[in-house]
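To keep things clear, I will list the structure first and then write my remarks on it.
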Number of protein chains: 2
Amino acid sequence: MKVNGIIWNCFLLLILNPNKNLMLKEERQHAILNEVELHNRVLLTDLAEKLDVSIDTVRRDVKELDAENLLTKVHGGAVSLGFVNHSPARSNVYALDKKVSIAKKASTLLRNNSVILIDGGTTCLELARLLPTNIKLTCFTLSLPVAMELLGKPNVETIFIGGTLSRDSQIAVGSNTINALAQIKVDYSFIGTGYVDAEFGLTEFDWEVVQTKKAVINASKKTVLLCISEKLNSQHRFKTCDLNVISTMVTELEPWDKKLDAFKNMNIQLL
Amino acid sequence: MKVNGIIWNCFLLLILNPNKNLMLKEERQHAILNEVELHNRVLLTDLAEKLDVSIDTVRRDVKELDAENLLTKVHGGAVSLGFVNHSPARSNVYALDKKVSIAKKASTLLRNNSVILIDGGTTCLELARLLPTNIKLTCFTLSLPVAMELLGKPNVETIFIGGTLSRDSQIAVGSNTINALAQIKVDYSFIGTGYVDAEFGLTEFDWEVVQTKKAVINASKKTVLLCISEKLNSQHRFKTCDLNVISTMVTELEPWDKKLDAFKNMNIQLL
DNA sequence: AAATATATTGCAAAAAACAGCAAAATTAAA
DNA sequence: TTTAATTTTGCTGTTTTTTGCAATATATTT
């Protein structure tokens, strides 16, 4: 009788479990936070689809997370705190240790008197922070936080590429910026990306950011992509470029890691 | 894989069930804790099933464990302690000092759809911070901190004038900046100054900054000087301009204050 | 100004939490 | 061993929380 009940429950479990992906609210909010930290910006509709709940639920979750100061709710979506919060204390950068290791590896590419360009995003910001102090650099940037960081480096001459400022990415965008970029050619540009896929290349959430990144790539002899492995094999709406325009890709993984297999025969230096 | 786990649980249940009476409360709570630590989260219903006790019992257990701070009880289940995010709890408390009154007075000059330029310096930064939120503005700036501040204003479109960044003043300077400024004409520019004197005009410590400020003044129909009274009647090496090119001077003093006597018959609006 | 997208609000169904109570199990004492 | 006291457990009905839906309001874009 009792055993019958157990068998019955087992049966039910077997039948029903694959269908229902039951999720705790906390778990869901955790996933949302993760997504926001990873991509800096997400749409409520995308979240709802990904988590398989109604948009209302996602909206309520985001509202709560915003109230707890864990992210910033914006019209139609949410952005990470780091993007609107200009506090020098970046203790809450997502996957900071990975980004630090990426930045360290990337900085080995630098030579004395190199002319470089550093893009926006938390990984690039980390590079700016960890630039070696023993070599002289001329550094262009269009990111406000990166520029702030570079000002603290005595060995770096910083040139800000002006233009209309994008609120959430905190970088200069628009025609002005693109024109200014057209007039320079740097040795290396270090760029981040919202999403990267071996097949679809680099993609972004924001169309204007894509235009700017394209101009950045054109303004550099070699382009270095800084990207934590979590972003590999993801994609979004707007395409920046194919992977073959990237000279070097830096992740926190060892170059021979299996996760990088898809990128190995693509004429990209893996670091 | 998931199904295998379920089958395995069923099997365990069937085997172990006759012994279930041996399971003490403490033992059960230990099992719950184990499950939570293992999977970071757990549903009460799953626990009840797994441990073959009523949901109420599990609930009470989880409640106790929560009271002992061994896990965190949430609606529908429990999550491990490390799982819940401890909020960074940023406290954005910034003290409003005397410059606020200057900034407030200056902001009364603004009209809807005004195109303005805000210079660097702490007083100008305060203006950026206190810009009214109810009128739309297009705002140029060459100051990094001001730009950061402006990004937080939803009603302000911010354009950064690029150029080489000056380390100590945190503004863009140099030929690039001056060229860019030559191409715009704003309604109002709000500038600070290192030193001001009724006779000698505006002077600065830094030659490059002077060049930039000159270009700013040229790029504006009207120039507003923001200046705390402490700076009145002081001068330095490099001259920016005479006082007669200034349209409005804003101090924290009342316009009729005796300290402003020297500026009263100079065709300058005192605010 | 119209059209679209996003927010807000109220509501109802489902799930979960809670409080009180009685049966069962455990413990303590005779 | 038996009995009484205490704790634990499961059940019931009620309250609260969560969630999705629909209608309305607000915001954004064209």
Side-chain angles (χ1 to χ4, degrees), chain A residues 1-2 5-6 9 12-13 16-17 19-32 36 41-68 71-79 164 166-168 173-174 205-208 237-238, chain B residues 17-32 36 41-68 71-79 84 112-113 133-136 138 153-157:
Chain A
M1 158 93 175
K2 186 102 188 183
I6 291 164
N9 283 336
L12 275 183
L13 260 178
L16 297 177
N17 204 57
N19 307 350
K20 267 207 169 176
N21 189 10
L22 209 38
M23 213 174 190
L24 290 173
K25 194 176 87 168
E26 270 66 21
E27 207 181 354
R28 201 179 48 232
Q29 296 192 351
H30 207 262
I32 291 174
V36 169
R41 181 176 174 185
V42 290
L43 295 180
L44 295 189
T45 50
D46 288 353
L47 283 177
E49 186 170 354
K50 190 154 196 166
L51 301 173
D52 194 29
V53 289
S54 79
I55 187 124
D56 304 72
T57 303
V58 169
R59 185 173 285 120
R60 273 184 277 241
D61 282 340
V62 165
K63 207 169 175 181
E64 287 178 25
L65 290 169
D66 181 85
E68 295 173 56
L71 50 70
T72 307
K73 185 179 179 309
V74 297
H75 195 90
V79 297
T164 307
S166 154
R167 218 177 297 284
D168 18 74
V173 297
F205 177 91
D206 189 322
W207 188 83
E208 275 228 292
R237 285 188 185 72
F238 304 112
Chain B
N17 202 54
N19 308 344
K20 71 153 180 150
N21 290 346
L22 290 183
M23 192 168 248
L24 265 32
K25 194 174 95 167
E26 200 173 336
E27 193 180 348
R28 198 180 51 233
Q29 294 193 352
H30 201 268
I32 291 174
V36 170
R41 62 120 211 193
V42 70
L43 299 180
L44 294 191
T45 51
D46 287 353
L47 282 177
E49 180 135 7
K50 194 158 195 164
L51 301 171
D52 194 30
V53 288
S54 80
I55 187 101
D56 303 72
T57 302
V58 170
R59 185 173 287 120
R60 272 185 278 243
D61 281 340
V62 166
K63 205 170 175 180
E64 287 177 25
L65 291 169
D66 180 83
E68 296 172 56
L71 50 69
T72 307
K73 183 180 178 309
V74 300
H75 193 94
V79 296
V84 282
N112 207 26
N113 295 314
T133 52
N134 56 336
I135 61 181
K136 280 194 70 169
T138 300
K153 302 275 177 175
N155 56 317
V156 178
E157 183 183 19

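Order of the sequence lines fixes the chain letters, A, B, ..., with proteins taken first and strands second; residue numbering starts at 1 for each chain.
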*Would Val36(B) and Val79(B) satisfy side-chain contact (heavy atoms from CB on, under 4.5 Å), going step by step from the backbone distance to the final call?*
CA-CA 6 Å; Val36(B) 170; Val79(B) 296; 5.7 Å; no
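- Atom pair Asp46(B):CG and dA15(C):P shows a separation of 14 Å (rounding to whole Å applied).
- Formation of a donor-acceptor pair under 3.5 Å by the Arg167(A) side chain with backbone atoms of Glu157(B) is not found in this model.
- Toward the 5′ end of DNA chain D lies the nearest nucleotide of Asp56(B), the other residue of the pair Asp56(B) and His75(B) mapping further downstream.
- To the nearest angstrom, C1' of dA16(C) lies 12 Å from CG of Leu24(A).
- Ala78(B) approaches Val62(B) most closely through the heavy-atom pair CB-CG1, 4.0 Å.
- Straight-line distance from the CD atom of Glu26(A) to the C1' atom of dT17(D): 12 Å, rounded to whole Å.
- Nearest nucleotide to the Arg59(B) side chain, out of dC18(C), dT6(C), dG10(D): dC18(C).
- We find that CG of Asp61(B) is positioned 13 Å from C1' of dG10(D), with the value rounded to whole Å.
- For the pair Gln29(A) CD and dT19(D) C1', the computed distance is 13 Å after rounding to whole Å.
- When heavy atoms are screened at a 4.0 angstrom cut-off, Ile55(B) is found touching no nucleic acid atom at all.
- Residues forming a side chain to side chain contact (heavy atoms under 4.5 Å, CB included) with Gln29(B) (at least two apart in sequence, or on another chain): Lys25(B), Asp61(B), Glu64(B), Leu65(B), Glu68(B).
- Here dT9(D) is the nucleotide among dT9(D), dA19(C), dT19(D) with the atom lying nearest to any side-chain atom of Arg28(B).
- Under a 3.5 Å cut-off, the side chain of Asn155(B) and the backbone N or O of Lys136(B) do not form any donor-acceptor pair.
- Residues Arg60(A) and Gly76(A) both approach DNA chain C. Their nearest nucleotides, taken by heavy-atom distance, put Gly76(A) toward the 5′ side.
- Taking for each of Val53(B) and Glu64(A) the nucleotide of DNA chain D with the nearest heavy atom, the 5'-most of the two is the partner of Val53(B).
- Summarising the geometry, the separation between CG on Leu44(B) and C1' on dT16(D) is reported as 15 Å, rounded to the nearest angstrom.
- Using a 4.0 Å cut-off, some side-chain N or O of Lys73(A) falls inside it from OP1 or OP2 of dA7(C).
- Residue Leu47(A) contributes atom CG, which lies 13 Å from atom P of dT6(C) at whole-angstrom precision.
- Atom NZ of Lys25(A) and atom P of dT16(D) are 17 Å apart (whole Å).
- When the C1' atoms of four end pairs are superposed on the next four at each end of the helix from dA1(C)-dT30(D) to dA30(C)-dT1(D), using five pairs per end, the two resulting axes differ in direction by 40°, to 10°.
- Nearest approach of Leu51(A) to Ala31(A), heavy atoms of both residues: CD2-CB, 3.9 Å.
- Summarising the geometry of Leu24(A) relative to Arg41(B), their closest heavy-atom pair is CD1-CB, 4.0 Å, with the distance given to 0.1 Å.
- At the heavy-atom level, Val58(B) lies nowhere under 4.0 Å from the strands shown.
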